[in-house]
Amino acid sequence: WQGAPIAAANLLGFRREAAATNNLLHSRDLSNAAWSTKTNITAAKTATGLDGIANTATTLTATAADAIILQPITLVSAARCASAYVKRRTGTGTISFTQDGGSTWTDITSLINSSTWSRVEITATLANPSVGFKIGTSGDAIDVDCVQNEAGAIATSPIVTTTAAVTRNVESLTYQTASNIDFAVGTIYGEIQTPTGSNTRMLVQIGDGYAGITSAGVDSWRSMDGTTTITATGLSDITTAKRKRAVSWGGATQSSCGDGIAPTSGAFDGAFGSGATIAIGPFTNGYIGPVAIYNYQMTDAELQALTT
């Protein structure tokens, strides 16, 4: 913040998320009465949870075939994502997940195992979701933790609830432009990974407008000086792994680059944004970092080497 370089060892990156609300109650305790439908199933808060603490998650055990547990929620129609962390405790039968009260079931059997927590998620546009599980075989049991139902097409990190829905505020990371960037000449480098279904993926925003470095899709990247946009295409998919991206500007040109591919270059209007603030990952759901800003315009060869 004071303009001095940050030590490379401290550039650990962060997970940036938009605001989200978990509308399900008692997200870790499925024995609670909020999980109002329990058919041929027992629920006990006796499992060791994601946090490694005993008796913080729930064990569901089927007492007959096709055992069901559900929690209904009153909400207006919208795109919604239901998610949960699940681990098999006993048995090998079918395990299914729903958010429409069982009108449709998603088979998650192949997605879970008995040794690690696996996050499962389903999306749909609907009103009044009803979220829960079906255990196909009598005697089978699963452990469940951090069940969630939120608006949107992707599951965000766990939001624990008890007696009421809980909202996590939007996350923000900003730095001053003074002493940290030269609008006339420079280079920005960063790494980013976003989940499938995340629509906006901006790595760095300069000022209050849309100058900066952002995606044009999962396999393309843009340099935007506020007037002209330069797009590099044919890059690696940023939903499958963290990818390296860079843009540079100075003189009469700006360039966009990624994955060690030759940069795409075009006109530069003389100022790469303006204003007092550098925002890291605005509008983005995903993993970001490290991010570096250089005070000179890298050559094509340097951009390729940096992003390889």
Side-chain angles (χ1 to χ4, degrees), residues 1-3 5-6 11-20 152 154 156 168-195 197-233 235 238-239 242-250 253-258 263-298 303 306-307:
W1 63 271
Q2 82 282 26
I6 299 171
L11 297 175
L12 303 179
F14 79 118
R15 179 174 181 172
R16 193 274 181 191
E17 294 183 299
I154 58 173
T156 64
R168 181 188 57 243
N169 293 331
V170 63
E171 295 164 338
S172 176
L173 177 61
T174 62
Y175 299 89
Q176 66 183 36
T177 54
S179 300
N180 284 322
I181 191 169
D182 185 335
F183 297 132
V185 59
T187 300
I188 296 175
Y189 166 81
E191 299 178 18
I192 185 170
Q193 180 180 2
T194 63
S198 179
N199 294 321
T200 304
R201 306 172 178 93
M202 194 164 198
L203 183 54
V204 179
Q205 180 185 24
I206 309 302
D208 299 327
Y210 287 94
I213 169 173
T214 187
S215 74
V218 298
D219 60 355
S220 56
W221 211 253
R222 295 184 295 198
S223 167
M224 301 185 295
D225 62 13
T227 302
T228 306
T229 298
I230 306 301
T231 303
T233 59
L235 307 181
I238 61 172
T239 67
K242 187 181 278 190
R243 307 296 185 185
K244 298 177 179 181
R245 301 289 184 257
V247 300
S248 67
W249 63 94
T253 62
Q254 61 175 321
S255 302
S256 181
C257 182
T264 300
S265 299
F268 174 52
D269 68 6
F272 200 76
S274 61
T277 302
I278 301 168
I280 308 299
F283 322 112
T284 299
N285 283 302
Y287 298 94
I288 296 172
V291 173
I293 298 176
Y294 301 86
N295 63 355
Y296 70 99
Q297 182 181 19
M298 288 193 180
L303 289 172
L306 186 63
T307 59

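Side-chain N or O atoms of E171 include one that pairs as donor or acceptor with a backbone N or O of E17 at under 3.5 Å. Judged by distance alone, the side chain of T177 and the main-chain N or O of G275 form a donor-acceptor pair under 3.5 Å. When atom types are taken as modelled, the side chain of T194 and the backbone of R201 share no donor-acceptor pair closer than 3.5 angstrom. With hydrogens and angles disregarded, a donor-acceptor distance shorter than 3.5 Å links the side chain of N285 to the backbone of A18. Checking side-chain atoms of R222 against main-chain N and O of S256 turns up no donor-acceptor pair under 3.5 Å.
In this pair, Y296 and Y294 present their aromatic rings perpendicular. The plane angle is above 60°, beyond the 30 to 60° band.
Y287 OH: 12 or fewer foreign heavy atoms inside a 6.0 Å radius.
With contacts defined as side-chain heavy-atom distances shorter than 4.5 Å, the pair L203/I188 does not qualify. A heavy-atom distance below 4.5 Å is not found between the side chains of I293 and Y175. Looking at I280 and V204, their side chains come closer than 4.5 Å, going by heavy atoms from C-beta outward.
Interatomic distance, CG of L235 versus NZ of K244, reported as 14.0 Å (0.5 Å rounding). Taking CH2 of W221 as the start and CD1 of I192 as the end, the distance is 4.5 Å to the nearest 0.5 Å. Taking CG from L306 and OG1 from T187, the interatomic distance works out to 8.0 Å, rounded to the nearest 0.5 Å. Separating the CH2 atom in W249 from the CD1 atom in I213 is a distance of 9.0 Å, to the nearest 0.5 Å. Considering NZ of K242 and CD1 of I288, their distance stands at 9.0 Å, rounded to 0.5 Å. Rounding to the nearest 0.5 Å gives a distance of 7.5 Å between CG of D182 and CG of N295.
The two atoms that bring G226 and A211 nearest to each other are N-CB, 4.1 Å, heavy atoms only. For A216 against T231, the heavy-atom pair with the smallest separation is CB-CG2, 4.0 Å. The minimum heavy-atom distance linking Q254 with I230 is given by the pair CG-CG1, 3.4 Å. Counting all heavy atoms, side chain and backbone alike, Y210 lies closest to M224 at O-CE, 2.8 Å. Taking all atoms of both residues into account, the shortest heavy-atom contact from I238 to R245 is CG2-NH2, 3.4 Å. Annotation for A246 and T307: closest pair CB-CG2, 3.7 Å, computed over non-hydrogen atoms.
With hydrogens and angles left out, the side-chain atoms of Q297 and T253 include a donor and acceptor closer than 3.5 Å. Residues S220 and T233 have side chains that never bring a donor and an acceptor to within less than 3.5 angstrom of each other.
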What's the verdict on side-chain contact (heavy atoms from CB on, under 4.5 Å) for M298 and Y189, showing C-alpha distance, side-chain angles and the deciding distance? CA-CA 11 Å; M298 288 193 180; Y189 166 81; over 6 Å; no

Taking it one step at a time, do R168 and T156 satisfy side-chain contact (heavy atoms from CB on, under 4.5 Å)? CA-CA 10 Å; R168 181 188 57 243; T156 64; 2.9 Å; yes

Could you give me the CA-CA distance, side-chain angles and deciding distance for F268 and S223, then say whether side-chain contact (heavy atoms from CB on, under 4.5 Å) is met? CA-CA 10 Å; F268 174 52; S223 167; over 6 Å; no

